[in-house]
Asks: 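Dropping a structure here in structure tokens format, bear with me for questions.
Residue numbers count from 1 along this sequence. Worth knowing before you read on, the calculation uses all heavy atoms, side chains too, and leaves out hydrogens, waters and symmetry mates.
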Amino acid sequence: MVMGLHPEYLGTFVRTQHYLLQMDGPLPYHWRHYIAIMAAARHQCSYLVQLHASKFVQVGGDPQWLDGLSAAPLKLRRLNDLNKLLAHRPWLITKEHIEALVRPGGEGCWSLAELIHAVVLLTHHHSLSSFIFGCGVNPEPDHEGGYAFRPPSPRPTDSPGTDDRANRQGAADALQEVEALMRKMKLLQEQDEEASQEEWATRFEREKSESLLVTPSEDSPLPPPTSVSRFAEDPDFGYEDFTRRGETTPPTFRAQDYSWEDHGYSLINRLYPDVGQLLDEKFQLVSNLTYNTMAMHCGVDTYMLRKAVWNYIHCVFGIRFDDYDYGDVNQLLEISLKVYIKTVVCYPEKTTRRMYNSFWRHFKHSEKVQKH
């Protein structure tokens, strides 16, 4: 229903998901749903875990496997390390992780085609978990963990009069924020600054370092129910900032050194035909999706704002685009939006309704959903 706010994207999403889970491919159907469970459990997404547990049994899976990851075959258990790295710290993945899984003669050995299918399933459901938490989608009330968001308790000092005044003031402030954002976009579009590559690299490093200061609230989320946690070994393993104070960090990844267009597309299509095309259609649609609106304004070129969100997400994972001025990120993304973005992509289970409501306060719900 939420994704239906963008019908064109919903169509590409449904086609991709249908192909991954129901069409011919290297992996058995029940394994596909079990891998989806493993992926969703890393982000404590009970909605997806419950959904795929049901589908797993429907397509002939052994119900005993649902007792936890320890009850699954060794071959699936060996996928655990790659799953947690993809979910939380993908920059730590090395060729040795892949070689260990596909080494001929090894117990529980994966073929390259099987592994490609598994990796696409894992990353697809990691991303879907972020979408679900980011948009406030929760299980039905009769499911464990249903309705995780709790409304705030009323305060004794609250009254209809004070609420009305606060709402009017909040609406006026939000309107001013929209106008200010549009002015910034216009100024940046008109600027003809010729910065050097060194200056652009410096701005990226500054933005990467400043992302350390962008953290969710200290409130700890409720622990996941056992129906979820049993599928996630090493539950304390999670996202850590790519750049950490006082520590040696991995080198920045340059997006131009390895791209989807030049490397990923052909590899996936060779080992898992047609999936590369489906993913490419989805990536292209997401990159270009716009209705040229901002809150109450129409006919707006939103490219700069969409690009800032896209590149900020890459930045927190240490990925740099050489041809982008990261100074634009600080100009266009308010701190509350940065907190929300980083929470949704790095630790989505910590997302709260307050975070969602605190940014782009005059934007339509569909515009907020679009940036996912």
Asks: Can you list everything that forms a side-chain contact (heavy atoms from CB on, under 4.5 Å) with S287? Sequence neighbours excluded, please.
Replies: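 So S287 forms no side-chain contact (heavy atoms from CB on, under 4.5 Å) with any residue.
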Asks: Output yes when a side-chain donor or acceptor of R32 lies under 3.5 Å from a complementary backbone atom of L20, and no otherwise.
Replies: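 Side chain of R32 to backbone of L20: a pair is present.
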Asks: Is the side chain of R89 donor-acceptor paired with the backbone N or O of G238 at a distance under 3.5 Å, no angle test?
Replies: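 Looks like yes, one N/O pair under 3.5 Å.
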Asks: Give the intermediate values and the outcome of side chain to side chain contact (heavy atoms under 4.5 Å, CB included) for residues V329 and K338.
Replies: CA-CA 9 Å; V329 170; K338 284 185 173 183; 3.8 Å; yes
Asks: Give the C-alpha distance, both sets of side-chain angles, the deciding distance and a yes or no for side chain to side chain contact (heavy atoms under 4.5 Å, CB included) between T12 and L278.
Replies: CA-CA 7 Å; T12 65; L278 287 167; over 6 Å; no
Asks: Using every non-hydrogen atom in the two residues, find where Y34 and W65 come nearest and quote the distance to one decimal.
Replies: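 Smallest interatomic distance, heavy atoms only, reads OH-O, 2.9 Å.
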Asks: For T293 versus T302, what's the shortest heavy-atom pair and its separation?
Replies: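 For T293 and T302, the tightest heavy-atom pair comes out as O-CG2, 3.7 Å.
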Asks: According to ring-ring contact (aromatic ring centres under 6.0 Å, His included), who are the partners of F363, at least two apart in sequence or on a separate chain?
Replies: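 Only W360 meet the ring-ring contact (aromatic ring centres under 6.0 Å, His included) criterion with F363.
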Asks: Around atom NZ of K84, are there more than 12 heavy atoms of other residues, nucleotides or ligands at under 6.0 Å?
Replies: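 For K84, atom NZ is crowded (more than 12 foreign heavy atoms under 6.0 Å).
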Asks: Supply the atom-to-atom distance F13 CZ to M3 CE, rounded to the nearest 0.5 angstrom.
Replies: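 Spacing of CZ (F13) from CE (M3) equals 4.0 Å.
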Asks: Can you see which heavy atom on Q256 is nearest to which on D322, and at what distance?
Replies: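 Between these two residues, the closest heavy atoms are NE2-N, 3.2 Å.
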Asks: Roughly how far apart are L305 CG and L337 CG, rounded to 0.5 Å?
Replies: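 Output value for this atom pair is 7.5 Å.
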Asks: For R42 and H88, run side-chain hydrogen bond (donor to acceptor under 3.5 Å, both in side chains): C-alpha distance rounded to whole Å, both residues' side-chain angles, the deciding distance at 0.1 Å, then the answer.
Replies: CA-CA 8 Å; R42 287 308 320 178; H88 306 298; 3.2 Å; yes
Asks: For Q64, look at atom CD and say whether over 12 heavy atoms of other residues, nucleotides or ligands are found less than 6.0 Å away.
Replies: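 No, the 6.0 Å shell around CD holds no more than 12 heavy atoms from other groups.
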Asks: If you compare all heavy atoms of K184 against all heavy atoms of Q331, which two are closest, and at what distance to 0.1 Å?
Replies: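 Looking at all heavy atoms of both residues, the shortest contact is CD-O, 3.0 Å.
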Asks: To the nearest 0.5 angstrom, please state how far the CG atom of L121 sits from the CD1 atom of I116.
Replies: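 If we round to the nearest 0.5 Å, L121:CG and I116:CD1 are 11.5 Å apart.
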Asks: Determine, using ring centers only, whether F321 and H314 are less than 6.0 Å apart.
Replies: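 Yes.
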Asks: Mark yes or no for whether N83, through its side chain, and L79, through its backbone, hold a donor-acceptor pair below 3.5 Å.
Replies: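 Here the side-chain-to-backbone pair does not exist.
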Asks: Testing the basics here: between S130 and P348, what is the closest heavy-atom pair and its distance to 0.1 Å?
Replies: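 Nearest pair, atom of S130 first, then P348: OG-CG, 3.7 Å.
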Asks: Check whether W91 reaches the backbone of F317 with its side chain - one donor and one acceptor, N or O, closer than 3.5 Å.
Replies: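 Answer holds: no.
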Asks: Name the orientation class of the two ring planes belonging to Y19 and Y272 (parallel below 30°, tilted from 30 to 60°, perpendicular beyond 60°).
Replies: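 Because their plane-to-plane angle lies in the 30° to 60° range, the rings of Y19 and Y272 count as tilted.
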Asks: Ignoring hydrogens and geometry, is there a side-chain-to-backbone donor-acceptor pair from H18 to M23 under 3.5 Å?
Replies: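 No; zero donor-acceptor contacts below 3.5 Å.
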Asks: Check step by step if side chain to side chain contact (heavy atoms under 4.5 Å, CB included) holds for Y9 and V286.
Replies: CA-CA 7 Å; Y9 177 78; V286 167; 3.4 Å; yes
Asks: For the residue pair L333 and A308, what are the closest heavy atoms and their distance?
Replies: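 Closest heavy-atom pair between L333 and A308: CD1-O, 3.7 Å.
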Asks: When rounded to the nearest 0.5 angstrom, what distance separates CZ in F133 from CG in L128?
Replies: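 These two atoms lie 11.0 Å from each other.
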Asks: Quick one: do V59 and I35 end up in the same hydrophobic cluster if we chain Ile, Leu, Val, Met, Phe, Trp and Tyr together by side-chain heavy atoms under 4.5 Å apart?
Replies: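 Result: no, two separate clusters.
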Asks: Please tell me whether L74 and I37 are part of a single hydrophobic cluster in this structure, the criterion being side-chain heavy atoms less than 4.5 Å apart.
Replies: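 As far as the 4.5 Å side-chain criterion goes, I37 and L74 are not connected within one cluster.
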Asks: Would you find a donor on one side and an acceptor on the other, under 3.5 Å apart, between the side chain of Y265 and the backbone of L279?
Replies: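 Side chain of Y265 to backbone of L279, a donor-acceptor pair under 3.5 Å: no, none is there.
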Asks: For G108, does its backbone N or O pair with a side-chain atom of R78 as donor and acceptor, under 3.5 Å?
Replies: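 Pair found, side chain donor or acceptor close to backbone of G108.
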Asks: Grouping I, L, V, M, F, W and Y whenever their side-chain heavy atoms are under 4.5 Å apart, do V178 and Y340 come out in a common cluster?
Replies: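 V178 and Y340: one cluster.
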Asks: D328: what forms a side-chain contact (heavy atoms from CB on, under 4.5 Å) with it, not counting sequence neighbours?
Replies: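 Checked D328 against side-chain contact (heavy atoms from CB on, under 4.5 Å); matches are L188, M304, Y324, D325.
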Asks: Is it true that M38 and L51 fall in one hydrophobic cluster, defined by side-chain heavy atoms closer than 4.5 Å?
Replies: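 Hydrophobic grouping puts M38 with L51.
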Asks: Taking atom CG as the centre, does D262 end up with more than 12 heavy-atom neighbours from other residues, nucleotides or ligands that are less than 6.0 angstrom away?
Replies: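 Yes.
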Asks: Does NZ or CZ of R320 lie under 6.0 Å from the centre of the six-membered ring of Y326, at an angle within 45° of the ring axis?
Replies: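 No cation-pi geometry.
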Asks: How many angstroms lie between NE2 in H125 and CG in L86, if you round to the nearest 0.5 Å?
Replies: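 It is 14.0 Å, given to the nearest 0.5 Å.
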Asks: Would D301 and Q189 count as a side chain to side chain contact (heavy atoms under 4.5 Å, CB included) if you check the C-alpha gap in whole Å, the side-chain angles of each, and the deciding distance to 0.1 Å?
Replies: CA-CA 10 Å; D301 183 355; Q189 286 171 335; 3.8 Å; yes
Asks: With clusters defined by side-chain heavy atoms of hydrophobic residues (ILVMFWY) lying less than 4.5 Å apart, directly or transitively, does Y239 cluster with L82?
Replies: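 Yes, L82 connects to Y239 through the hydrophobic network.
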Asks: Decide if atom CD of E99 counts as having more than 12 heavy atoms of other residues, nucleotides or ligands within a radius under 6.0 Å.
Replies: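 Check passes, neighbour count above 12.
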Asks: State, yes or no, whether a side-chain contact exists between W31 and L76 at a heavy-atom distance under 4.5 Å.
Replies: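 Result yes, sub-4.5 Å side-chain heavy-atom pair found.
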Asks: As an exercise, state the distance from CD of E349 to OG of S129, rounded to the nearest 0.5 Å.
Replies: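 Separation between the atoms: 9.5 Å.
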Asks: Should D241 and K342 count as an ion pair when the cut-off is N to O under 4.0 Å?
Replies: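 A salt bridge is present here (some side-chain N lies under 4.0 Å from a carboxylate O).
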Asks: Picking from H33, H124, H30, what satisfies ring pair (Phe, Tyr, Trp, His ring centres under 6.0 Å) with H52?
Replies: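 Testing each of H33, H124, H30 against H52, the sole residue satisfying ring pair (Phe, Tyr, Trp, His ring centres under 6.0 Å) is H33.
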Asks: Using side-chain heavy atoms (C-beta onward) and a distance below 4.5 Å, is I268 in contact with W260?
Replies: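 I268 reaches W260 side chain to side chain.
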Asks: Is it true that Y258 and H263 share a donor-acceptor pair across their side chains at a distance under 3.5 Å?
Replies: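 No.
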Asks: Is a side-chain donor-acceptor pair under 3.5 Å present for H97 with T94?
Replies: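 T94 vs H97: donor-acceptor pair found between side chains.
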